[in-house]
**Q** 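Have a look at the structure that comes next, please.
Sequence lines set the chain letters: A, B, ... in the order given, protein chains first and strands last, and positions in each chain run from 1.
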Protein chains: 2
Amino acid sequence: MRLVIARCQVDYAGRLTAHLPMATRLILLKADGSVSVHADDRAYKPLNWMSPPCIFVEHSAPEPLGPEAPTLTALWEVRGRDGDTLQISIGEVFHDSSHDLGLDPGLQKDGVEAHLQALLAEHPETLGRGWSLVRREHPTPIGPVDLLCRDAEGGYVAVEVKRRAEIDGVEQLTRYLELMRREARLESVHGVLAAQQIKPQARVLAIDRGITCITVDYDLLRGLDNIEDRLF
Amino acid sequence: MRLVIARCQVDYAGRLTAHLPMATRLILLKADGSVSVHADDRAYKPLNWMSPPCIFVEHSAPEPLGPEAPTLTALWEVRGRDGDTLQISIGEVFHDSSHDLGLDPGLQKDGVEAHLQALLAEHPETLGRGWSLVRREHPTPIGPVDLLCRDAEGGYVAVEVKRRAEIDGVEQLTRYLELMRREARLESVHGVLAAQQIKPQARVLAIDRGITCITVDYDLLRGLDNIEDRLF
DNA sequence: GTGTACATATCGCAT
DNA sequence: ATGCGATGTGTACAC
């Protein structure tokens, strides 16, 4: 990884064009070939970047355009796979260092939607008394429904699981229901949106479409899971 | 901006929990208080981060847990606004430097959807012969339709503009059309999806719903605009 | 490879 | 603040 702090001017041309006037910034060159240009704010997103795979070329510094023009020390050009280009004109360099970081052992995550879905699959009774799981990832022609259950009366219920449900989650479940109801067996399948948090607008749309909203308690579900761990 | 290259272990707790084992990484501390932890790959995405506003606290180095345990030089804690925490245990430090970057003059973009919408608003005849613009951002109860036009016969047309149209663009326009058609004046409003590129699945769904798909040529539109610039 | 959905999405705008 | 849509979204997974 190479860290450069320098005055620079940046021009990107690809799906859009973008221009950064000359100013002092951090230029980050990673071992994967990627290049990113950071200002002194925004934790997550750089001002400009090029994702790998890409080709980095360093041109010799062009002659100054006039006696008043800033002296450039280098011109960097990064070419992406779709013909995207990132041109970085380097002025005064304040820092330039390289570091060998090695491979990262990687990230362990917990709490994402997949885990929530697994917990609900193991404990369908938390969605409704007497409910049982038919299968996870029940296939429909346009994609899998997260959970297919049966309620206490034996009726089918399609459950869409989200961490935070928004309007597109309702649209997604609506499409699934529409297609599932074309099957005789699932003609009267009911829809349930299960999420840790349901946005008000999503709730309104869901109710308008006869979809039941259930907010689930992730910590409670994890608790159930831990109790089971102790029992077995 | 402060750049630290160090062996570190990171734990994030917030919407999810995440753990990074001890390894050498770049820690970026920006002037806005944000913190991000980068490995030598994954392009511009940090492994962990905390967006501003957040509070940074440096604790004294804890005593080693045993004679074999790695010596920690510092323990950093970053607290976000929603109670998110990022804990960084710092081991050996290979680099530590600070730089004053100043405010960035900012980014200039061109070519995004807004521009495409503006060009189509100025040249509705490129969508259909004899078409005229009624208004941009025509309001509906659930949000504005990009363009409302009238065709050569005086019929209303609602146009959703996208750079690349996918299935959710069709859903969006469908919702707008459903609500617009509740108004007597717009009872028979027609739907048009206008985009530089339309994904096959989106096209199928649109046609199934009676929505017309039009691919627009951005460069051609810009050309029309330039010609106009010369004329006036 | 395409299509689909998820993300600690982030970001910007309007209400 | 919240809602909503766009993003040079990036990323993983299934078909």
**Q** Could you tell me how far apart B:Leu107 (CG) and D:dT7 (P) are, to the nearest whole angstrom?
**A** 14 Å
**Q** Just one of A:Ile214, A:Leu120, A:Leu119 clears the side-chain contact (heavy atoms from CB on, under 4.5 Å) bar with A:Val161, so which one?
**A** A:Leu120
**Q** For A:Met50 and A:Pro139, find the nucleotide of DNA chain D closest to each by heavy atoms; which residue's nucleotide sits nearer the 5' end?
**A**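 Result of the comparison: A:Met50.
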**Q** Assess the residue pair A:Glu171 and A:Arg209 against the criterion (salt bridge (Lys or Arg N to Asp or Glu O under 4.0 Å)); give the C-alpha distance rounded to whole Å, side-chain angles, the decisive distance to 0.1 Å, and a yes or no.
**A** CA-CA 10 Å; A:Glu171 296 287 14; A:Arg209 293 186 177 171; 2.9 Å; yes
**Q** For C:dT4 and B:Gln201 - does any side-chain N or O of the residue sit under 4.0 Å from the phosphate oxygens OP1/OP2?
**A**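 Answer is yes, contact under 4.0 Å.
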**Q** side-chain hydrogen bond (donor to acceptor under 3.5 Å, both in side chains) with B:Arg136: which residues, sequence neighbours excluded?
**A** B:Gln117
**Q** Over how many whole Å does the gap from B:Gln197 atom CD to D:dG8 atom C1' extend?
**A**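 Answer to the nearest Å: 13 Å.
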**Q** Taking CD from B:Gln108 and P from D:dG8, how many angstroms apart are they, rounded to a whole number?
**A** 15 Å
**Q** In whole angstrom, what separates B:Arg164's CZ from D:dG8's P?
**A** 10 Å
**Q** What is the distance, to the nearest angstrom, from the CD atom on B:Glu113 to the C1' atom on D:dT7?
**A** 10 Å
**Q** Going by an N to O cut-off under 4.0 Å, is there a salt bridge joining A:Arg185 and A:Glu187?
**A** no
**Q** Output, in order, the C-alpha distance, side-chain angles, deciding distance and verdict of side-chain contact (heavy atoms from CB on, under 4.5 Å) for A:Asp40 and B:Asp104.
**A** CA-CA 8 Å; A:Asp40 214 347; B:Asp104 199 274; over 6 Å; no
**Q** Counting only distance, no hydrogens or angles, is the base of D:dG5 paired donor-acceptor with the side chain of B:Asp168 under 3.5 Å?
**A** no
**Q** Mind checking the P distance from C:dC11 to D:dT11? Whole angstroms is fine.
**A**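 To the nearest whole Å, 16 Å.
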**Q** With P as the reference atom in both, quote the distance from C:dA5 to D:dG8 in angstrom, rounded to an integer.
**A**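 Between the two P atoms, the distance is 22 Å.
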**Q** Write down the distance between CZ (A:Arg135) and C1' (D:dA14), rounded to a whole number of angstrom.
**A** 13 Å
**Q** Is a donor from one side chain sitting under 3.5 angstrom from an acceptor on the other, for B:Gln197 and B:Lys162?
**A** no
**Q** To the side chain of A:Leu16, which of D:dG8, C:dA5, C:dG3 is closest?
**A**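 Comparing D:dG8, C:dA5, C:dG3 against the side chain of A:Leu16, the answer is D:dG8.
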**Q** From the list C:dG3, D:dG8, C:dC6, which nucleotide is the closest neighbour of the side chain of B:Lys109?
**A**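 Nearest to the side-chain atoms of B:Lys109, counting from C-beta on, is D:dG8.
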**Q** Using a cut-off of 4.0 Å on non-hydrogen atoms, how would the nucleic acid contact of B:Pro144 be classed: base, sugar-phosphate, or nothing?
**A** nothing
**Q** Heavy-atom distance under 4.5 Å between the side chains of B:Ile211 and B:Leu177, does that happen here?
**A**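 With C-beta onward as the side chain, the pair touches.
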**Q** Between A:Arg81 (CZ) and D:dG8 (C1'), how many Å, whole number?
**A**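 Result: 15 Å.
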**Q** Starting at atom CD of A:Gln172, determine the distance to atom P of C:dG3, rounded to an integer number of angstrom.
**A** 17 Å
**Q** Using Watson-Crick or G-U wobble geometry with both distances below 3.5 Å, tell me the partner of C:dT8, or none.
**A**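 The answer is none; no pair meets the criterion.
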**Q** Under 4.0 Å between any heavy atoms, over every strand shown, what does A:Glu160 touch: base, sugar-phosphate, or nothing? Just pick one.
**A**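 If one applies the 4.0 Å heavy-atom cut-off, A:Glu160 turns out to touch the sugar-phosphate alone, with no base involved.
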**Q** Would you kindly compare B:Glu166 and B:Asp84 by the position of their nearest DNA chain C nucleotide and give the one closer to the 5′ end?
**A**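 Nearest nucleotide further toward 5': that of B:Glu166.
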**Q** Please determine, by modelled atom types, if A:Lys30 and B:His38 share a side-chain donor-acceptor pair under 3.5 angstrom.
**A**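 On atom types as modelled, these side chains qualify, holding a pair under 3.5 Å.
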**Q** What does nucleotides 10-15 of chain C look like as a protein-contact string, B for base, S for sugar-phosphate only, - for none, at under 4.0 angstrom between heavy atoms?
**A** SSS---
**Q** Which nucleotide in the set C:dA5, C:dG3, C:dT8 lies at the smallest distance from any side-chain heavy atom of B:Asn48?
**A**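 Comparing C:dA5, C:dG3, C:dT8 against the side chain of B:Asn48, the answer is C:dT8.
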**Q** Report yes if at least one side-chain N or O of B:Tyr12 is closer than 4.0 Å to OP1 or OP2 of C:dA7; otherwise report no.
**A**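 For C:dA7, OP1/OP2 do not have a side-chain N/O of B:Tyr12 under 4.0 Å.
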**Q** Distance check, P atoms only: D:dG5 and C:dT8, in whole angstrom units.
**A**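 About 22 Å, rounded to a whole number of Å.
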